[in-house]
Structures are given as structure tokens and as C-alpha cells.
Protein chains: 2
Amino acid sequence: MKNKVQACLTKDDIVDSLKNVGVNPTAQRIAICQFVLCQGDHPTADEIKTWVDQHFPKLSLATIYNTLKTLTDAGVLREYKFPHSGKSFYDNNLVDHYHLLDEESGKLIDIDSKSINVSKGFLKEFTVNKMDVIFYGKHKSQVDG
Amino acid sequence: MKNKVQACLTKDDIVDSLKNVGVNPTAQRIAICQFVLCQGDHPTADEIKTWVDQHFPKLSLATIYNTLKTLTDAGVLREYKFPHSGKSFYDNNLVDHYHLLDEESGKLIDIDSKSINVSKGFLKEFTVNKMDVIFYGKHKSQVDG
DNA sequence: TCTAAAATTAGAACTATTCTAAATAGAGGG
DNA sequence: CCCTCTATTTAGAATAGTTCTAATTTTAGA
């Protein structure tokens, strides 16, 4: 089973997506989207920079950050922070979900929130607007030396 | 209901606690412990610095960080990071628990992990070693203007 | 073509933390 | 009591990740 299957979007698809959410589809933004909306798997800003540097003549780190903020505000991306790293991770999965950090590979794996039942009836005192869950673990199939 | 009732420890109690876990009870460490093991409610390094500056002649920020690491390694404290802040938060509650961020007050509130049931049977593929949960919410009793 | 607004950029600034290397303190042996 | 050894503390530099600033470039539209 794959973690997430994201068909690669064409440039036109990306232009449309951006227009749909009121974001001006500049060349830089399209380049960034080609990675974060398609190939990237929970990339960080520096991973995006590395990819973009190989596919776009010159694009500043400031634009990466500006664009990530624009896309997040527009609802095309989600930003996550986790205890194990000071960096922000960007996720194009817009469906509610949690994450598992595979401690062997360091990869983040999406966990459908519907597959976890969190009974929080205890919280009589509180209105809960949102919750984040992160699991730390590894594939059972993997065998250590 | 109080979030956590932590009786104030005497200096001798702190000295004993430190010795028990093999940590040399220096004046600086005792001063820091007086706050983090007692009065502090999920303090950050800078909050600890602010308190200590008022109760100890001169104590460097480096010592705060060194001591927090020492205490965390010794198992006297736990360090948490949350998505809403780049800072580390230190908690003297050593019992397994989750947190709720009260979005009105900005305070972190301990949630007994036993009061939440997380069914993770779905995770047939993974061995889960640890999980973190954070809720974002507010007191129901509070009424906005 | 002109203008105004939007986007991009390089580099400075900032925040939280860690590192470095020197100074100090404390324990134990003589 | 003095010496030495190690642990601890310290100030300040360094680092990492991100945001800010102000100048420049691009773009859309009149």
C-alpha cells in the first residue's frame, strides 16, 4: 500500500488550481507547485529550494517562503510542525489526517484520521477546535541487523 | 479543578531529588529546579531565565540550557515542542499525558492520557513506540464579548 | 505606452538554541 | 592548606530556520 498517490499535475492544471484560489500563477509559483503539489512528500523549505534550483533558473529562498505562505493561506497546502524537527513541513493532502514518523527512514506518513478513534468525551470543560496527532514508529516488516 | 497541583519543594527536597538521579546539586541547578520543578507551568527557557534573574545573582542562559538538558536526560523533566511555537516547553509531569493549548490564555494544560482512548488497530503495518497528541481549544465556560 | 500594484530578490535581522573556549568552583589527595 | 583534576559555568560566537526590509522587476490593465 502506498502512502499517498499523487498524479503529477500538468502546468496547466497548476495554473488552473492557482487561479481557482485567486493566486496569480507566476512562473516561480508554478515551479514551486510542480514540486509541492506533485512530487514532494512533506517537503521542507530547503528541500523545495534544492529541487527548484535544478528546475528553474533562479529563484530566491524568500520567494519559496512567500509562496508557501501564499499557498497555505489559499488553502492549497498545509503547514505542519513536529517535535522532532525545527523545520516546517508542507503537505498537499488537504483531507484531515495525522502523521506517523517512520524512525527508520525519517519519512512522514499520512494516517487517515478516520482510521483512528480518539474518544475525547472527557473534555467536558473544553471546546476542541483542532487536534494534532503524531505517531513515532517503524514498519513491522523491517528487520534490524 | 486544577490542572496540576505541585506542592512547592524545599531546597533539601530538590537536593535529594538531584542526588537521587546522579546530578550534582549546584546552586544554579537548585535555583532552576525551584522554578521548573515547582512553580513553573510548562515554562520555556526564557521564562525560566526571567524567573531565575529575580532569584539568583547571576546565571547565564547557557546554564539554563545546560541544566535543562541535564535534567531531561536524568528523567526529572520532559521537553515538549508544539506546532504553535518554535520554543521548547519543559514539564515536570512525568506521567504519560497529552496537552491542550488553551487558545484564549495561551496556556498548556495537561490531559491525562488515560482519559483519551486512541484506537490505533489500523496500524497493522507499524510498530508505534510513542505518540503525541495536542488539542487546541478553550474553556467552555468562557464567553466571548 | 504608462502606471500602479504585485511579486521577486538579496541580504539583513531575528529567534531559539547550541557550541566554544576560557574562567571558576569544588572534591579529594598529599 | 595547597595542588590538581574534573565538573560546571560563563560570555559571546555560531548556527538554523524563518521573516523582514527595501530596492528592483514583472505584470496587468487603462
Side-chain angles (χ1 to χ4, degrees), chain A residues 14-15 18-19 21-36 40 42-53 55-74 76-90 106 108, chain B residues 14-15 18-19 21-36 40 42-53 55-74 76-90 106 108:
Chain A
I14 290 169
V15 169
L18 293 179
K19 282 181 179 167
V21 293
V23 173
N24 201 349
T26 65
Q28 287 92 336
R29 284 169 179 170
I30 293 166
I32 292 167
C33 283
Q34 286 183 302
F35 187 61
V36 296
H42 301 89
T44 58
D46 61 305
E47 285 166 4
I48 297 166
K49 182 71 164 68
T50 300
W51 185 91
V52 163
D53 281 347
H55 297 83
F56 197 87
K58 190 149 75 74
L59 201 158
S60 76
L61 188 56
T63 296
I64 305 268
Y65 280 106
N66 290 342
T67 299
L68 290 171
K69 183 169 188 341
T70 300
L71 296 176
T72 303
D73 289 349
V76 171
L77 270 190
R78 290 199 182 172
E79 180 188 9
Y80 290 93
K81 292 187 179 191
F82 300 106
H84 74 289
S85 168
K87 301 178 184 182
S88 285
F89 296 82
Y90 295 88
L108 287 163
Chain B
I14 291 170
V15 169
L18 293 179
K19 281 182 180 166
V21 294
V23 172
N24 199 349
T26 65
Q28 287 91 337
R29 284 169 178 169
I30 293 167
I32 292 167
C33 283
Q34 286 183 301
F35 187 60
V36 298
H42 302 90
T44 59
D46 61 304
E47 286 166 3
I48 297 165
K49 182 72 165 67
T50 300
W51 185 91
V52 163
D53 281 348
H55 297 81
F56 196 87
K58 191 147 75 73
L59 200 158
S60 77
L61 189 55
T63 297
I64 304 269
Y65 280 107
N66 289 343
T67 299
L68 289 171
K69 183 168 186 344
T70 300
L71 297 176
T72 303
D73 290 350
V76 172
L77 269 191
R78 289 200 181 171
E79 179 188 8
Y80 290 92
K81 291 187 180 192
F82 301 106
H84 74 287
S85 169
K87 301 179 183 181
S88 285
F89 296 82
Y90 295 87
L108 287 162

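For the numbers below, each heavy atom of this structure counts, side chains included, while hydrogens, waters and symmetry mates do not. Numbers restart at 1 for each chain; the letters A, B, ... are given by sequence-line order, proteins then strands.
When the C1' atom of dA7(C) is taken as reference, atom CD1 of Ile32(A) falls 11 Å away, rounded to whole Å. In this entry the distance linking CG of Asp73(B) with P of dT8(D) reads 12 Å, nearest Å. Taking atom CD on Glu47(A) and atom P on dG17(D), their separation rounds to 10 Å, with Å as the unit. If you take NZ of Lys69(B) and C1' of dT9(D), they are 17 Å apart, rounded to a whole angstrom. Rounded to an integer number of Å, the gap from Gln28(A) CD to dA10(C) P is 11 Å. Rounded to whole Å, atom P of dT26(D) lies 15 Å from atom CZ of Arg29(A). Atom NZ in Lys49(B) sits about 13 Å away from atom C1' in dG12(D), given to the nearest Å. Regarding Leu59(B), its CG atom lies at a distance of 16 Å from the C1' atom of dG12(D), rounded to whole Å.
Residues Phe82(A) and Leu108(A) have side chains in contact (heavy-atom distance under 4.5 Å, counting atoms from C-beta outward). Considering only heavy atoms from C-beta on, Thr72(A) comes within 4.5 Å of Tyr90(A) through its side chain.
Applying the side-chain hydrogen bond (donor to acceptor under 3.5 Å, both in side chains) definition to pairs two or more places apart or across chains, those involving residues 57-66 of chain B are Ser60(B)-Thr63(B). Annotation: salt bridge (Lys or Arg N to Asp or Glu O under 4.0 Å) contacts involving residues 60-71 of chain B, sequence neighbours excluded, comprise Lys69(B)-Asp73(B).
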**Request:** Summarise protein proximity over nucleotides 15-22 of chain C in one line of letters, 5' to 3': B for base, S for sugar-phosphate only, - for none, counting protein heavy atoms closer than 4.0 Å.
**Result:** -SBBB---
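Using a 4.0 Å heavy-atom cutoff across all strands shown, Lys58(A) reaches sugar-phosphate atoms only and no base atom. Contacts of Thr63(B) with the nucleic acid, taken as non-hydrogen atoms under 4.0 Å apart, include base atoms.
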Show me, pair by pair, the donor-acceptor contacts under 3.5 angstrom made by side chains of residues 26-35 of chain B, not counting sequence neighbours?
{"residue": "Thr26(B)", "atom": "OG1", "partner": "Arg29(B)", "partner atom": "N", "Å": "3.2"}
{"residue": "Arg29(B)", "atom": "NH1", "partner": "Asn24(B)", "partner atom": "O", "Å": "3.0"}

Donor-acceptor contacts, no H, no angles, side chain residues 43-50 of chain A, under 3.5 Å, sequence neighbours left out:
{"residue": "Thr44(A)", "atom": "OG1", "partner": "Asp46(A)", "partner atom": "OD1", "Å": "2.6"}
{"residue": "Thr44(A)", "atom": "OG1", "partner": "Glu47(A)", "partner atom": "N", "Å": "3.4"}
{"residue": "Asp46(A)", "atom": "OD2", "partner": "Lys87(A)", "partner atom": "NZ", "Å": "3.4"}
{"residue": "Glu47(A)", "atom": "OE1", "partner": "Thr44(A)", "partner atom": "N", "Å": "3.1"}
{"residue": "Lys49(A)", "atom": "NZ", "partner": "Asp53(A)", "partner atom": "OD1", "Å": "3.0"}
{"residue": "Lys49(A)", "atom": "NZ", "partner": "Asp53(A)", "partner atom": "OD2", "Å": "3.1"}
{"residue": "Thr50(A)", "atom": "OG1", "partner": "Asp46(A)", "partner atom": "O", "Å": "2.9"}

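One end of the helix from dT1(C)-dA30(D) to dG30(C)-dC1(D) points its axis 0° away from the other end's axis, with each axis taken from 5 pairs and the angle rounded to 10°.
When all heavy atoms of Ser88(A) and Lys81(A) are compared, the closest pair comes out as OG-CE, 3.2 Å. Minimum heavy-atom separation, His42(B) to Phe89(B): O-CD2, 3.3 Å.
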Below 3.5 Å is the cut-off: list the nitrogen or oxygen pairs between protein and nucleotides 23-27 of chain C, distance only.
none

Find every protein N or O atom lying less than 3.5 Å from an N or O atom of nucleotides 22-25 of chain D, and list the pairs.
none

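Checked against side chain to side chain contact (heavy atoms under 4.5 Å, CB included), Ala74(A) has the following partners two or more places apart in sequence or in another chain: Val21(A), Val23(A), Val76(A). For Lys19(A), the side chain to side chain contact (heavy atoms under 4.5 Å, CB included) test picks out Val15(A), Pro25(A), with sequence neighbours left out.
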